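Note sheet for the following structure.
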Amino acid sequence: MSSFVPDRFRVEDVYDNLNIGLIMLDQDFNILLWNRWMARHSHVSAQDALQANFVSLFNPHLAPGLLRALSNTITYGLPAMLSSALHRSPLPLYVEAAGTPGEAAVRMAQSVVITPIDHLDGSRGCLIQVSDASNSVKREKMLLSRSEVLKRQVVTDGLTGVNNRRFFDENFALALQLAAREGGSLSLFMIDIDYFKQYNDHYGHGGGDRVLKRVAEALRSQLRSPTDILARYGGEEFIMLMSGLEQAEAAEVGELLRESVRKLAEPHAKSLAARELSISVGICTRQTVTPEDGRQMMAAADAALYRAKLGGRNKVVATD
């Protein structure tokens, strides 16, 4: 085993080459140690920092949470850790020592560890270790962004961009519970594109995908409040939920939906209902709702849609 030879290096060379900031404070917050990393990222040289008062040097740019932690460490001997999640930039430190002329320096995201140091004379100081958390923050943002994208993909129809069936089913159950607890009506709209199979056969699946997107956008334009829900429920079938409507008002909304699709003026040579693309709409409105009414409302709206189709399509049928 090799023996330790202390004169082979200086301790200053060790802490000056560490990739973290090191600060030592005495009981009065005077700076006793200030390594090269701190000088580079604070824009304060060791010559200016040593023996200066830490609080006076950086006030008012120190985070209150850091000051409280320092006080507790020196007064009570309590170690502390400040994560970048709760204390993004406790110290006025910057990513680069010198930025481009005219460009504002970017304040560094930091993780800070404060350790009490008891001296032989009975006084207490502390060691502050600061590390650059910028990359960790970037990774967290990237992961959060990807997570949000994945969440949207889970509840969004990939073709039309509106909500999918899973999203609707979950939120329909919540809407039923809310309406039952707080009162108020619910209107369920089942919407079907007339003779869509014939459209696909005649214009091709590319044409079918294109009009599905256009129909979804036309229907979405009729949503009235953030609580309204539109979803693609099947191949050419959409479903919508609105609250606070009377049956007659729901029927009027159904006509607006039908008209919004007619205004697209998409030719449909194989339709027996109209010369352009059209929809049929079945509506069920309940003025008083219980959480168990979901299946009955779905069945009633589906029956109303069937009646609209039986009556020649391109129609709206509303029931209660």
Side-chain angles (χ1 to χ4, degrees), residues 155-157 160-196 211-212 214-264 271 273-274 277-320:
V155 299
T156 303
D157 176 60
T160 63
V162 299
N163 299 126
N164 60 17
R165 182 169 184 159
R166 174 181 176 176
F167 178 90
F168 182 86
D169 289 343
E170 292 175 354
N171 282 270
F172 184 32
L174 294 175
L176 287 166
Q177 294 173 12
L178 182 64
R181 184 171 64 249
E182 299 185 0
S185 66
L186 282 179
S187 296
L188 185 66
F189 301 75
M190 298 196 76
I191 305 152
D192 195 74
I193 300 177
D194 297 327
Y195 300 105
F196 185 72
V211 298
L212 278 170
R214 294 201 71 197
V215 168
E217 194 55 43
L219 298 177
R220 179 157 47 191
S221 70
Q222 300 303 315
L223 297 177
R224 298 183 171 192
S225 80
T227 58
D228 294 344
I229 302 171
L230 170 68
R232 186 182 177 196
Y233 212 62
E236 70 271 21
E237 190 174 54
F238 294 86
I239 195 164
M240 184 181 289
L241 186 68
M242 289 185 172
S243 59
L245 300 175
E246 301 286 341
Q247 182 178 335
E249 292 173 322
E252 290 175 2
V253 172
E255 289 294 343
L256 290 174
L257 296 173
R258 189 181 67 83
E259 184 65 12
S260 70
V261 173
R262 186 195 68 79
K263 287 181 177 179
L264 295 176
S271 175
L277 199 72
S278 63
I279 59 172
S280 298
V281 183
I283 309 167
C284 174
T285 296
R286 287 282 178 92
Q287 298 300 320
T288 304
V289 179
T290 70
E292 293 75 32
D293 284 345
R295 289 186 179 180
Q296 293 180 357
M297 290 188 68
M298 293 285 287
D302 192 49
L305 176 61
Y306 178 76
R307 286 162 55 194
K309 291 181 177 181
L310 200 63
R313 309 198 187 205
N314 193 22
K315 293 183 182 301
V316 176
V317 173
T319 186
D320 58 12

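Since the model is a prediction, treat every value here as computed from it, not as a measurement.
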Pairs in or reaching into residues 218-235: which pass salt bridge (Lys or Arg N to Asp or Glu O under 4.0 Å), with residues at least two apart or in two chains?
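Listed by first then second residue: Asp157-Arg232, Glu217-Arg220.
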
Would you list the pairs meeting salt bridge (Lys or Arg N to Asp or Glu O under 4.0 Å) in which at least one residue belongs to residues 176-190, sequence neighbours left out?
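Residue pairs with at least one partner in residues 176-190: there are none.
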
May I have the list of side-chain donor-acceptor pairs in residues 294-305 shorter than 3.5 Å, sequence neighbours left out?
{"unit_1": "Gln296", "atom_1": "OE1", "unit_2": "Arg286", "atom_2": "NH2", "d": "3.3"}

Could you give the distance from [atom1] ([X]) to [atom2] ([Y]), rounded to the nearest 0.5 Å?
X: Glu255; Y: Glu259; atom1: CD; atom2: CD; result: 8.5 Å
X: Gln222; Y: Met242; atom1: CD; atom2: CE; result: 7.5 Å
X: Ser280; Y: Arg258; atom1: OG; atom2: CZ; result: 9.0 Å
X: Ile283; Y: Ile191; atom1: CD1; atom2: CD1; result: 8.5 Å
X: Leu256; Y: Leu219; atom1: CG; atom2: CG; result: 11.5 Å

Leu178 and Thr227: CA distance, side-chain angles, deciding distance, side chain to side chain contact (heavy atoms under 4.5 Å, CB included) verdict
CA-CA 11 Å; Leu178 182 64; Thr227 58; over 6 Å; no

Suppose we screen for side-chain contact (heavy atoms from CB on, under 4.5 Å). Which residues come up paired with [X], at least two apart in sequence or across chains?
X: Ala251; value: Ala318
X: Gln177; value: Leu174, Pro291
X: Thr290; value: Glu292, Asp293
X: Glu252; value: none

Which residues share a ring pair (Phe, Tyr, Trp, His ring centres under 6.0 Å) with Tyr233, sequence neighbours left out
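By the ring pair (Phe, Tyr, Trp, His ring centres under 6.0 Å) rule, Tyr233 matches Phe168.
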
Going by the rule side-chain hydrogen bond (donor to acceptor under 3.5 Å, both in side chains), which residues pair with Ser260 if we only count those two or more places apart in sequence or in a different chain?
none

With sequence neighbours excluded, residues passing side-chain hydrogen bond (donor to acceptor under 3.5 Å, both in side chains) with Asp192:
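Here the qualifying residues are Lys309.
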
Minimum heavy-atom separation for [X] to [Y], with atom names?
X: Val289; Y: Gly184; answer: CG2-O, 4.1 Å
X: Leu212; Y: Phe238; answer: O-CZ, 3.9 Å
X: Ala175; Y: Leu186; answer: O-CD1, 3.9 Å
X: Ser271; Y: Tyr195; answer: OG-CD1, 3.6 Å
X: Leu257; Y: Met240; answer: CD2-CE, 3.7 Å
X: Phe167; Y: Asn164; answer: N-OD1, 2.9 Å

Indicate whether any N or O donor in one side chain lies under 3.5 Å from an N or O acceptor in the other, for Ser278 and Asp194.
yes

Can you list everything that forms a salt bridge (Lys or Arg N to Asp or Glu O under 4.0 Å) with Arg307? Sequence neighbours excluded, please.
none

Would you check if the side chain of Ser185 reaches a backbone N or O of Leu245 as a donor-acceptor pair within less than 3.5 Å?
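Judged by distance alone, yes, a pair lies under 3.5 Å.
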
Taking side chain to side chain donor-acceptor pair (under 3.5 Å) as the cut-off, I'd like each qualifying pair that reaches into residues 241-251, sequence neighbours left out, listed once.
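Listed by first then second residue: nothing to list.
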
Have a look at Leu230 and tell me which of Leu241, Ile239, Thr160, Val162 forms a side-chain contact (heavy atoms from CB on, under 4.5 Å) with it.
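It is Val162, the one option of Leu241, Ile239, Thr160, Val162 that forms the side-chain contact (heavy atoms from CB on, under 4.5 Å) with Leu230.
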
